[in-house]
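Chain letters run A, B, ... following the sequence lines, proteins first and then strands; every chain starts at 1.
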There are 4 protein chains.
Amino acid sequence: MKKKKFTIIGGDLRNIKLAESIEKDGHLVNIYGFSKAGFDIHIGESADLRSAIDESDIVLGPLPCSNDDVHLNAPFHDTLIEINDVLKIMNKNQLFIAGRISDKIRNMAEIYNVYCVDLLKREDMAILNAIPTAEGAIQIAMEELPITIHGSSCMVLGFGRIGKILSKDLAGLGADVYAAARKSSDIALIRSFGYKPVAIQNLDDYLPKMDVIFNTVPALVLDSQRLAHVSADCLIIDLASKPGGVDFEDAKKQGKKVIWALSLPGKVAPLTAAKYIKETVYNVLEELGV
Amino acid sequence: MKKKKFTIIGGDLRNIKLAESIEKDGHLVNIYGFSKAGFDIHIGESADLRSAIDESDIVLGPLPCSNDDVHLNAPFHDTLIEINDVLKIMNKNQLFIAGRISDKIRNMAEIYNVYCVDLLKREDMAILNAIPTAEGAIQIAMEELPITIHGSSCMVLGFGRIGKILSKDLAGLGADVYAAARKSSDIALIRSFGYKPVAIQNLDDYLPKMDVIFNTVPALVLDSQRLAHVSADCLIIDLASKPGGVDFEDAKKQGKKVIWALSLPGKVAPLTAAKYIKETVYNVLEELGV
Amino acid sequence: MKKKKFTIIGGDLRNIKLAESIEKDGHLVNIYGFSKAGFDIHIGESADLRSAIDESDIVLGPLPCSNDDVHLNAPFHDTLIEINDVLKIMNKNQLFIAGRISDKIRNMAEIYNVYCVDLLKREDMAILNAIPTAEGAIQIAMEELPITIHGSSCMVLGFGRIGKILSKDLAGLGADVYAAARKSSDIALIRSFGYKPVAIQNLDDYLPKMDVIFNTVPALVLDSQRLAHVSADCLIIDLASKPGGVDFEDAKKQGKKVIWALSLPGKVAPLTAAKYIKETVYNVLEELGV
Amino acid sequence: MKKKKFTIIGGDLRNIKLAESIEKDGHLVNIYGFSKAGFDIHIGESADLRSAIDESDIVLGPLPCSNDDVHLNAPFHDTLIEINDVLKIMNKNQLFIAGRISDKIRNMAEIYNVYCVDLLKREDMAILNAIPTAEGAIQIAMEELPITIHGSSCMVLGFGRIGKILSKDLAGLGADVYAAARKSSDIALIRSFGYKPVAIQNLDDYLPKMDVIFNTVPALVLDSQRLAHVSADCLIIDLASKPGGVDFEDAKKQGKKVIWALSLPGKVAPLTAAKYIKETVYNVLEELGV
């Protein structure tokens, strides 16, 4: 890839590591939005937003981009950064890349004629993110359970991106892996990989003997009725984004242990997460011919 | 599943095993079209087509259904069976299930008001069939190569259904597995599974050091130019259906070893193949609420 | 196995779980030495040592048996229990089983004519204990590292019981596993399992690119000179019992991160550890024909 | 390693490949004993035994060395080569390396003051040879069975060198792997690796549901009584050297399918076998400081 100029604005530790890593690859990197980060950054921060963005080819924002559709998600900065200000400074030759770009932000960008790419809508990013997510889930299980994963009975609900790699990791540690899915083709796939396939309509039969249940389905799979089949010693780890896949209220009433684990990549493996963001960004640039 | 009546007509050893296995599950089974099979069948053959089909709920034909769109593919029968005759006898309450049902056959079925299901168009069947296909490919590699799969460098071209399970099997035997794909999401997936990802545009760099190359892509991947990068000792196994993924003519000229291995499930593991057909048939019946 | 009477005296959570589990198998179980355990035990504690031991077939002590060769290791008891008192009460038809039985304790037992079995000298126990040890080590690595195990470079020093299962687990999570050993037969074994073998004399060449190093060798492998080759970001986890395999002083001076992780089974997976103790005890009884 | 002079005398295809490979590593290589090999050898054959051996540092004989303790095992040579002649020509500075060196041959060597190394007594060689042995056994199972290894129930009798790698390969292909052993420590090891452990005294309970049984134990494990528990469809592959581990007579009477598969490395993967011989030879030289 030809040498380019990147601006990294806001975000968490992942974006700082991302900036350092892109610079190590030989590109020019400006950063902005990390004024109160309590640790060393190997790149000097730009004086202001304009000088940070000026002459840059790519502006990389946070993942997610914003929590209120108005300000950039910049937890390490001492003042608020308005997304509108960022996009206003940018010109049509500059690319804006971030995570979860809402319709409102996208509309703003269109007004300023700025082309946007949402990393979290990309399949490659989602697959790569599944790796630290699965590993983070396993770490939680290890920390919470008085038994080893080896020899335990684990149920993975859903056989999408996270379900696949999570099942693989659990089997790799010697667990007895059950994976539940609705589609006959997923059941076939689960079987071909050597896990025990569970058709979702038969799930209740398997729940009582599970030591851990990992949910990856963004729908209410573990409702009150199903939770009643879960053993009191079983740990439920819900990896599905809001509203989650477990009736948390009811689980509490029934005395079932549930942990809702979100945004694991940035928490358990920020460096790996940064590496995957970088690779996806590079994929974007290659596809766009930038 | 409620007890049903099946008619199995024509096909190879897989269909005979299928008939025996369905009967073992407690269903009624008629068979027809195996008059010259040189081995024991544990089910008596019906006297004629009409008595075989009459009162049956499901008529199971061969995979593939026909080679000429006129006659049923019935290699073990002493006379020809016309598909038209089969469909004519059937009524609208009977289901016709077979593999690769051409438009012509489908039209015929419509005239007689018979509902058809093509097993080979189903994703579950395709995934299950990938298991014996991958294993058959490995058997060929073991037979042909003077080295072990363990420690060898294997390239899998394409990361679809066959590519996934083949890579898994090869890695399971201790090979160094490279998998090549075009899409960035497949590259991410290959990586998440722990194989070495190869972007198809960089394929030439990897070809020279491969001991075996398995092609699963139904397009000319290994053309003359790419074949030139393949080592003289390397074995190429093409698993893609016609027209295949290798320039066979040119490979011959260049002295490269190519084996075009088709229809492996029925050849290397007819019993397993029959089991998978049965399961897919049962999935079909469940989905149709039959 | 015929119904027997067990006495479990002292020890940590594992021994309580052990007692409960043996009782669940249908045996009679007395317990003693848990007076200040702050949690529910499903077995009533005996009034005193004598009534606990009386008429028992097997007396199970702690792992390790003692920290001072005088008192039983009983962290959950409010008074000290003298090993001499235990052995004095026992008769020659009763079996004493515990972990790490010193020569001094063994001599005491001989005086009272009590037959002793040291669980920690048994190969089956050592192999089973390696499972939670390896998993605990991986948990620590996951907690400490900002990267995933997947895709990381891991070095396992020593290919004995722990080295084998640890390498398997790491590979199962998608790490790049290097294992170092001295003997050519271990090098061959490492290779047959598909890990990258490192002859110990070449270790220095590999150290710089490692993300984690797990030591399982009970000898000073990572001395000052070798530590100098370890990257500043690398995490060293030493699993070797005293005196350990790392020059801790020097590591500190060099700013290298070292965690000395001992007695992991009881810490990370007490229930699994208890299960393995039980199985080993049962193996002992079967071998002795008790 | 310093450049050396090797003489390769007799043996099969493996020794020819061995010679070529050693030469490729930069050593001088003489060969003798392949006069009627019907294929190209890239090294010219020495005129006679004396010129072949003269000035050589290492003389590499066949594996096994001899079938009659008198002549070298040289299937590709047109005349007989007496071991006595070889040893007589050699001097005390030359090393004789071969496989299965009998006491008689060893005595001869002593007379001529020649130091001998038996490759087949070395643990590293035995472990490496287990790799092609296991793979060859799997190839046979694939060829003989009408089912896939994937999803099949496989029993591995004995958990030594071959048992370990064979179990790993079978599990890697998706089989349900049972491994039977006598020692409680092997049972623990089998379990830690994630296979289903079978104590040998309970073997009969498991035999009926096996699809393949691999014997690696050099003792009569499958006697008449045990064979009676084996299913008629089950394939037994005996990998144990003479007298084997199966009552072949009785198996025939009972109509059980048994294949006695010996010397697999040279048959299924001569190139890999040659590579492993070379590595073991190099290990020998390093250990001897040659």
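Heavy atoms closer than 4.5 Å to chain B are found in both the backbone and the side chain of Lys168(D). Within the 4.5 angstrom heavy-atom criterion, only backbone atoms of Leu145(D) (N, CA, C, O) approach chain B.
Along residues 127-136 of chain B, the residues that come nearer than 4.5 angstrom to chain D, judged on non-hydrogen atoms, are Ile131(B), Pro132(B), Glu135(B) in order of number.
Around atom CD of Glu286(D), no more than 12 heavy atoms belonging to other residues, nucleotides or ligands sit under 6.0 Å away. The local environment of NZ in Lys36(B) is crowded, with over 12 non-hydrogen atoms from other residues, nucleotides or ligands closer than 6.0 Å.
The side-chain hydrogen bond (donor to acceptor under 3.5 Å, both in side chains) check on Ser192(D) picks up nothing, with sequence neighbours excluded.
The residue among Ile165(D), Leu170(D), Leu271(D), Leu13(D) with the most heavy atom pairs within less than 4.5 Å of chain B is Leu271(D).
Scanning both residues, Ala269(D) and Ile147(B), for their nearest heavy atoms gives CB-C, 3.7 Å.
Leu264(D) contributes atom CG, which lies 12.5 Å from atom OG1 of Thr148(B) (distance to the nearest 0.5 angstrom). Between Ile149(B) atom CD1 and Gln139(D) atom CD the span is 9.0 Å, to the nearest 0.5 Å.
Looking at Met142(D) and Ile138(B), their side chains come closer than 4.5 Å, going by heavy atoms from C-beta outward.
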